[in-house]
Amino acid sequence: MGIWAEHVVPRIVEKSCGMKEIGPFRDEACAGLTGRVLEIGFGSGHNVDHYPAEVTAVAAVEPSDTGWRLSERRRERSRVPIERSGLDGQALDAADASFDSALSTFSLCTIPDPVQALREVRRVLRSGGTLHFAEHGLAPDERVRRWQHRLEPVQRRVADGCHLTRDIPALVTEAGFEVTALRTTYLPGPAPSRPFGYVYVGRAARA
């Protein structure tokens, strides 16, 4: 990782993904998590305060050392034990069927091969396990979509590979999951922010 990607981007993400408007989406995505949870794209730990009581342990996949350091205080106050479990969501260092639930929030946008990462998540989930997600991606409104395609090359350079045009339910389905719950909406804010803030919140079963 270069200096920008390793030291600057994690701090930008810490601020932007820590906005109070995103909290309800985290609550919604984390609801229903149980047992041993795999979280891909742990970042600076914004989900820690949203884990339900049924969560017993979290294995956190986080490629950025800076992001992991930024999460230290949240991890220290967590009632749930959290361990860093690998750097790459596309190649998980975990046994088959070793997790009860999985969580991904605002992470699939930057993973180079999100379908491969989701297939890995499916592999390590037990039978009946569920994937919970809150992700931004491709908007339904044509005008917004046009702006997303225009802005995406710049976004990817500035935000270390972040895509604006990923169809999250399609990626989840392609990886072998069945989407069982889905809500979509724009983040609160002015119209110019819409290309960056179309959100998919949902749950998928290991098909």
Side-chain angles (χ1 to χ4, degrees), residues 1-19 21-22 25-26 29-30 37-48 50 58-71 74 84-93 102-122 124 131-139 144-145 147-175 177 184 186-187 193-202 204:
M1 285 185 168
I3 292 174
W4 177 264
E6 173 56 26
H7 296 286
V8 179
V9 172
R11 289 176 168 83
I12 294 174
V13 173
E14 154 75 7
K15 296 298 183 183
S16 61
C17 287
M19 297 186 301
E21 293 85 357
I22 294 179
F25 295 100
R26 297 188 185 280
C30 290
V37 174
L38 172 75
E39 182 171 349
I40 60 171
F42 183 79
S44 56
H46 283 300
N47 288 323
V48 170
H50 301 270
V58 173
V61 179
E62 175 50 49
S64 169
D65 290 337
T66 298
W68 186 248
R69 286 194 297 271
L70 289 170
S71 73
R74 294 185 178 98
R84 195 176 187 184
S85 180
L87 308 177
D88 186 359
Q90 300 164 129
L92 298 174
D93 185 18
L103 175 65
S104 178
T105 58
F106 306 100
S107 299
L108 293 176
C109 58
T110 55
I111 295 175
D113 189 341
V115 173
Q116 174 59 25
L118 288 166
R119 285 175 178 154
E120 277 288 271
V121 170
R122 184 178 181 276
V124 302
L131 165 67
H132 300 236
F133 59 89
E135 300 283 351
H136 75 91
L138 190 65
V144 176
R145 289 163 77 114
W147 275 107
Q148 287 181 314
H149 284 287
R150 289 169 184 158
L151 293 169
E152 184 165 271
V154 177
Q155 176 77 357
R156 290 175 63 184
R157 290 182 64 118
V158 172
D160 192 29
C162 176
H163 293 70
L164 299 174
T165 61
R166 286 184 168 170
D167 184 335
I168 301 303
L171 297 175
V172 171
T173 301
E174 185 178 348
F177 286 94
T184 59
Y186 287 102
L187 286 172
S193 68
R194 286 191 165 190
F196 305 93
Y198 188 71
V199 180
Y200 301 83
V201 189

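What you see is a predicted model; the values in this text were computed from it and never measured.
Annotation for V144 and A139: closest pair CG1-CB, 3.6 Å, computed over non-hydrogen atoms. In plain terms, the two heavy atoms of S71 and G43 that are nearest each other are CB-O, 3.9 Å. For the pair W4 and V158, the tightest heavy-atom approach, listed with the atom from each and the gap, is NE1-O, 2.7 Å. Scanning both residues, V121 and A102, for their nearest heavy atoms gives CG1-CB, 3.5 Å. Listed here is the closest heavy atom pair of H136 and C162: NE2-SG, 3.5 Å. The minimum heavy-atom distance linking Q116 with Q90 is given by the pair NE2-O, 3.3 Å.
Using a cutoff of 4.0 Å between basic side-chain nitrogens and carboxylate oxygens, D113 and R119 are not scored as salt-bridged.
Side-chain contact between F25 and L187 is present, with at least one heavy-atom pair separated by less than 4.5 Å.
Looking at residues two or more places apart in sequence or on another chain, you find a ring pair (Phe, Tyr, Trp, His ring centres under 6.0 Å) between W68 and F42. With sequence neighbours excluded, no residue forms a side chain to side chain donor-acceptor pair (under 3.5 Å) with R157. Under the rule for a ring pair (Phe, Tyr, Trp, His ring centres under 6.0 Å), the partners of Y200 that lie at least two apart in sequence or sit in another chain are Y198.
The structure places CG of L108 at 9.0 Å from CZ of F133, a figure rounded to the nearest 0.5 Å. The OG atom of S104 lies 9.0 Å from the CG atom of N47; values are rounded to the nearest 0.5 Å. Taken to the nearest 0.5 Å, the CZ atom of R26 stands 4.5 Å off from the OG1 atom of T105. For the atom pair I22 CD1 and H46 NE2, the distance stands at 8.0 Å (nearest 0.5 Å).
Between S44 and the choices E62, R11, K15, E14, the side-chain hydrogen bond (donor to acceptor under 3.5 Å, both in side chains) rule is met once, by E14. Test Q155, Q148, E152 against T165 for side-chain hydrogen bond (donor to acceptor under 3.5 Å, both in side chains) and you get one pass: E152.
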